[in-house]
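One structure is given here, and the rest of the page talks about it.
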Amino acid sequence: MMDLLHLFSPAGHFIAPYIRDISLALIACTLVLLGGDINRFIRQLLRNQHFVIRTFAFILINAFGYGLLIVNASPYLARTLMRLENGMMFVVVIFSFVVIGLWAQKNRHV
């Protein structure tokens, strides 16, 4: 297994300067897939509220909530990935995107 990770080390070294952007993409892709479920839950939670309250909640959650989550979670994910050995980091990144892609396909987002 270590030999295989050693094989991926140059690829991990190549993507390392872009890990902040990759982390942002991973968080954003995850939120795209979860966004519908989150919005559905909030809509159900606020269905008996006045239109203004529902609209305000929608704006808060979508503009500020998701934005805040992306801004705060992306650097944390980037730091976590950078702590990994280059080969392992590459494998984790590729695996994560494949899992997100499969999840999107299964839920008919693609």
Side-chain angles (χ1 to χ4, degrees):
M1 181 68 170
M2 290 307 290
D3 291 330
L4 190 58
L5 290 179
H6 184 71
L7 179 69
F8 292 126
S9 188
H13 182 72
F14 178 76
I15 68 168
Y18 309 103
I19 204 66
R20 283 184 174 77
D21 297 325
I22 292 168
S23 297
L24 179 72
L26 284 168
I27 298 293
C29 288
T30 303
L31 283 176
V32 165
L33 293 177
L34 288 175
D37 293 332
I38 293 169
N39 288 342
R40 193 177 307 94
F41 173 75
I42 297 300
R43 188 171 44 245
Q44 187 177 34
L45 189 67
L46 298 174
R47 71 178 171 262
N48 295 325
Q49 300 299 319
H50 189 272
F51 168 77
V52 174
I53 293 173
R54 290 193 319 260
T55 303
F56 187 67
F58 176 82
I59 292 167
L60 280 177
I61 290 165
N62 286 281
F64 300 106
Y66 293 154
L68 188 63
L69 183 62
I70 289 171
V71 167
N72 289 328
S74 294
Y76 174 76
L77 180 58
R79 281 191 306 271
T80 302
L81 290 171
M82 286 302 291
R83 288 184 183 134
L84 299 174
E85 186 271 322
N86 282 340
M88 179 60 80
M89 176 184 59
F90 181 76
V91 169
V92 167
V93 166
I94 296 301
F95 180 78
S96 298
F97 277 116
V98 168
V99 167
I100 289 171
L102 292 172
W103 182 21
Q105 181 70 32
K106 180 179 182 239
N107 293 308
R108 300 175 193 248
H109 288 276
V110 179

*When clusters are formed by joining ILVMFWY residues with side-chain heavy atoms under 4.5 Å apart, either directly or through shared neighbours, do V71 and M82 land in the same one?*
no
*How about V92 and M89: do any of their side-chain heavy atoms sit closer than 4.5 Å?*
no
*Identify whether Y66 and F56 are in the same connected component of the hydrophobic contact network (ILVMFWY, side-chain heavy atoms under 4.5 Å).*
no
*Has F41 got more than 12 heavy atoms of other residues, nucleotides or ligands less than 6.0 Å from its CZ?*
no
*List, by chain and number, the other hydrophobic cluster members for F51, where Ile, Leu, Val, Met, Phe, Trp and Tyr join if side-chain heavy atoms come within less than 4.5 Å, directly or indirectly.*
V52
*Going hydrophobic residue to hydrophobic residue with side-chain gaps under 4.5 angstrom, can you get from L7 over to V98?*
yes
*asked:* To the nearest 0.5 Å, what is the distance between CG on L69 and CD1 on I38?
replied: 8.0 Å
*Are L34 and L68 in one and the same hydrophobic cluster, where Ile, Leu, Val, Met, Phe, Trp and Tyr link if side-chain heavy atoms are under 4.5 Å apart?*
no
*Can you find a heavy atom in the side chain of F8 that is under 4.5 Å from one in the side chain of I94?*
no
*In terms of hydrophobic clustering (I, L, V, M, F, W, Y; side-chain heavy atoms under 4.5 Å; direct or indirect links), are I42 and I53 co-clustered?*
no
*Please round to the nearest 0.5 Å and tell me the distance separating atom CD1 of I100 and atom CZ of F95.*
10.5 Å
*Can any side-chain N or O of R54 pair as donor or acceptor with the backbone N or O of R43 at less than 3.5 Å?*
no
*asked:* Within this structure, what is the CG-CG distance for the pair D37 and N107, rounded to the nearest 0.5 Å?
replied: 7.5 Å
*Taking L84 as the fixed residue, which of T80, N86, L81 is the one that meets the side-chain contact (heavy atoms from CB on, under 4.5 Å) rule?*
L81
Got a list of side-chain donor-acceptor pairs under 3.5 Å for residues 11-32, not counting sequence neighbours?
residue : atom : partner : partner atom : Å
S23     : OG   : I19     : O            : 2.8
S23     : OG   : A78     : N            : 3.2
T30     : OG1  : L26     : O            : 2.8

